[in-house]
Amino acid sequence: MTHALAIELKDVSKKYITKTGINYAVDNVNLTVEAGAFISLVGPSGCGKTTLLSLIAGLFPPSGGEIRIFGQKVEGPTSQVGYMLQQDYLLPWRNIYQNILLGLEITHTLNRETEEHALYLLEEMGLIDYRLHYPHQLSGGMRQRVALVRTLATEPDILLLDEPFSALDYQTKLRLEDLVSSTLKKHAKTAVLVTHDLSEAVAMSDRVYVFSRNPGRINTVIEIPPVISEKTPLASRNIPEFQTYFQRLWEELDVYEDR
Ligand code: ADP
Ligand code: MG
């Protein structure tokens, strides 16, 4: 089970058949993510980022190519992969405590031990005092933290994060980036983040993949050096190297601006 490569995509493509024709949402994508690494996907809207995450999650098969998770071919969703979205999808009629146990209930893994682990994560996120509150009583940042606890409660090895911070105000977003980063490092998770925020991509990742659109392809890969990636996302923004990498990413994406 301890395969050094958490995610492997080989010549992966996905085409959607629509009324107007064939849409190559993802075309010939090759990428590998080492266990414990944090990578980001950036690119113009419609370049296939969400499609790619859904493929990795096993929600539907690729049209071509192969996807492996820890060496095993993906043939459907597994509890090894957790998926967190921009919208938190907390159930409004369940309190926070009941919400964080949802994944465990669905996967039939709810027991004394897993319940205690979920509560421990809730404590770690600073929300233990809110366990009897309902989602509508919480702020956006708190709700996203609950959603993260719920995702982590089933102990996935890999986390797929589709713009999880984009609906939050700037300060909340920065704080949550640090919290998510330290939590994932502490629990040795592998993560794939989709973001529109280039500084977030530089601050959080070991590597950033820049995609182009129509068809969705990897255009550039930018390695973020340890001097940045070893710092917390917030602290990394203050070192001079940060600006260099932000600028490089900006220039790569600028190319698509007027298309
Ligand atoms: P991104 O997340 O980068 O914005 P998506 O993966 O959502 O991109 O979409 C990639 C392309 O595939 C877009 O052109 C989009 O319109 C198209 N697409 C996404 N989902 C479907 C679908 N279910 N049916 C048809 N086309 C789709
Ligand atoms: Mg998307």
Side-chain angles (χ1 to χ4, degrees), residues 7-33 38-69 74-77 81-90 140 143-144 147-148 151 156 158-168 173 176-177 180 190-205 207-222 246 248-259:
I7 305 171
E8 292 168 88
L9 269 59
K10 272 191 216 133
D11 303 326
V12 169
S13 65
K14 174 70 192 173
K15 53 188 179 201
Y16 292 109
I17 318 282
T18 64
K19 278 179 219 141
T20 50
I22 299 173
N23 184 352
Y24 289 86
V26 172
D27 187 48
N28 207 32
V29 167
N30 287 284
L31 67 85
T32 53
V33 188
F38 193 117
I39 68 147
S40 288
L41 314 180
V42 301
S45 164
C47 71
K49 304 179 295 292
T50 296
T51 300
L52 209 56
L53 290 193
S54 303
L55 286 167
I56 296 169
L59 300 186
F60 44 73
S63 311
E66 199 178 85
I67 303 168
R68 288 179 182 273
I69 297 294
V74 172
E75 264 151 3
V81 180
Y83 206 161
M84 192 175 148
L85 307 165
Q86 178 180 347
Q87 219 192 321
D88 56 52
Y89 293 107
L90 299 180
R143 293 170 58 117
Q144 275 307 57
L148 182 66
T151 308
I158 297 172
L159 264 102
L160 307 176
L161 308 160
D162 201 351
E163 308 191 32
F165 312 121
S166 60
L168 306 172
K173 174 195 179 91
L176 211 49
E177 281 176 17
V180 168
T190 306
V192 181
L193 170 75
V194 167
T195 180
H196 274 122
D197 181 339
L198 301 187
S199 71
E200 182 171 288
V202 175
M204 295 198 74
S205 320
R207 191 156 68 240
V208 182
Y209 290 86
V210 183
F211 281 75
S212 55
R213 167 171 68 187
N214 298 325
R217 283 189 183 137
I218 296 174
N219 193 52
T220 319
V221 184
I222 296 179
F246 178 87
R248 270 189 64 191
L249 208 47
W250 176 266
E251 279 157 17
E252 290 295 342
L253 274 163
D254 221 7
V255 177
Y256 305 111
E257 260 316 279
D258 47 9
R259 288 199 183 168

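Computed from heavy atoms alone, side chains included, the values below leave out hydrogens, waters and symmetry copies. Atoms within a ligand are numbered from 1 in the order they appear, just like the ligands themselves. This chain uses plain numbering: 1 for the first residue, then up along the sequence.
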Leu52 side chain reached by Val194 side chain, heavy atoms, under 4.5 Å =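 With C-beta onward as the side chain, the pair stays apart.
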Give a yes or no answer on whether the side chain of [X] reaches the backbone of [Y] with a donor-acceptor pair at less than 3.5 Å.
| X | Y | value |
| --- | --- | --- |
| Lys49 | Leu193 | no |
| Ser63 | Lys15 | yes |
| Glu163 | His196 | no |
| Asp11 | Asn28 | no |

Could you pull out the N/O/S protein atoms under 2.8 Å of the Mg ion (ligand 2), ignoring any water?
->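 Listed by chain and number, the nearby protein N, O or S atoms are Thr50 OG1.
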Which distance, rounded to the nearest 0.5 Å, do you find between the CG of Asn23 and the OH of Tyr16?
->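 Answer for the CG-OH pair, Asn23 versus Tyr16, is 8.5 Å.
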Point-to-point distance, once rounded to the nearest 0.5 Å, from OG of Ser54 to CG of Asp162 |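 So the gap between those two atoms works out to 7.5 Å.
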Set of residues that line ligand 1, where lining means a heavy atom lies under 4.0 Å from it |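 Its neighbours under 4.0 Å (heavy atoms only) are Tyr16, Thr18, Asn23, Ala25, Ser45, Gly46, Cys47, Gly48, Lys49, Thr50, Thr51, given by chain and number.
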How are the rings of Tyr209 and Phe211 set to each other: parallel, tilted or perpendicular (split at 30° and 60°)?
->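 Tyr209 vs Phe211 ring planes: tilted.
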Where do Val81 and Ile56 come nearest, in terms of heavy atoms and distance?
->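 Closest pair (atom of Val81, atom of Ile56, distance): CG2-O, 4.5 Å.
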